[in-house]
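Count residues from 1 along the sequence.
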Amino acid sequence: EVQRSGTVQSAEPGALVIGSAESSVTVRYTSPERLFRIAPASAPLRAGDLVQVRVEGGRAAAVLRLPPGLEQGGNRAR
């Protein structure tokens with residue numbers, strides 16, 4: 001489940017402020033290993049991969065393979 005998208009307004013160890021035109025939210029974290037970057041896929045998708053689908057105008061616009069260890073619909077490690 002995507003809770004917030006926007007731009008990083010400030011960043012310091014353990015906290016990010018993410019904002020959009022409507023509002024902003026402070027995200028606190030304890031482990032930098034939980035931060036990820038998007039990069040081109042090195043292998044095709046396969047059965048069992050956990051993905052996030054971006055939908056625009058009722059059509060799938062993008063598919064993002066999520067890192068192993070995330071629960072479906074959440075952001076907590078198993």
Side-chain angles (χ1 to χ4, degrees):
E1 178 179 352
V2 176
Q3 295 292 325
R4 168 78 58 191
S5 63
T7 58
V8 175
Q9 294 179 334
S10 68
E12 58 186 59
L16 300 170
V17 176
I18 300 171
S20 65
E22 298 83 30
S23 64
S24 66
V25 65
T26 300
V27 177
R28 299 191 189 287
Y29 60 92
T30 56
S31 174
E33 288 80 25
R34 302 296 296 160
L35 299 176
F36 305 100
R37 78 179 167 90
I38 296 176
S42 60
L45 292 172
R46 58 181 186 218
D49 283 345
L50 180 60
V51 299
Q52 180 179 31
V53 179
R54 180 177 179 165
V55 178
E56 294 178 359
R59 301 180 73 180
V63 177
L64 174 65
R65 178 188 290 132
L66 299 175
L70 293 182
E71 291 183 22
Q72 185 172 355
N75 61 359
R76 303 262 185 237
R78 290 184 206 174

Item to check | Residue pairs passing the side chain to side chain donor-acceptor pair (under 3.5 Å) test where at least one lies in residues 38-49, sequence neighbours excluded | outcome: Asp49-Arg65
Checklist outcome for this item: Note: with side-chain heavy atoms under 4.5 Å as the link, the other cluster members for Val63 come out as Leu45, Val51, Val53, Val55
Next on the checklist: Could you work out, with salt bridge (charged side-chain N to carboxylate O under 4.0 Å, His left out) as the rule, every residue matching Glu56, not counting sequence neighbours?
Outcome noted: Arg54
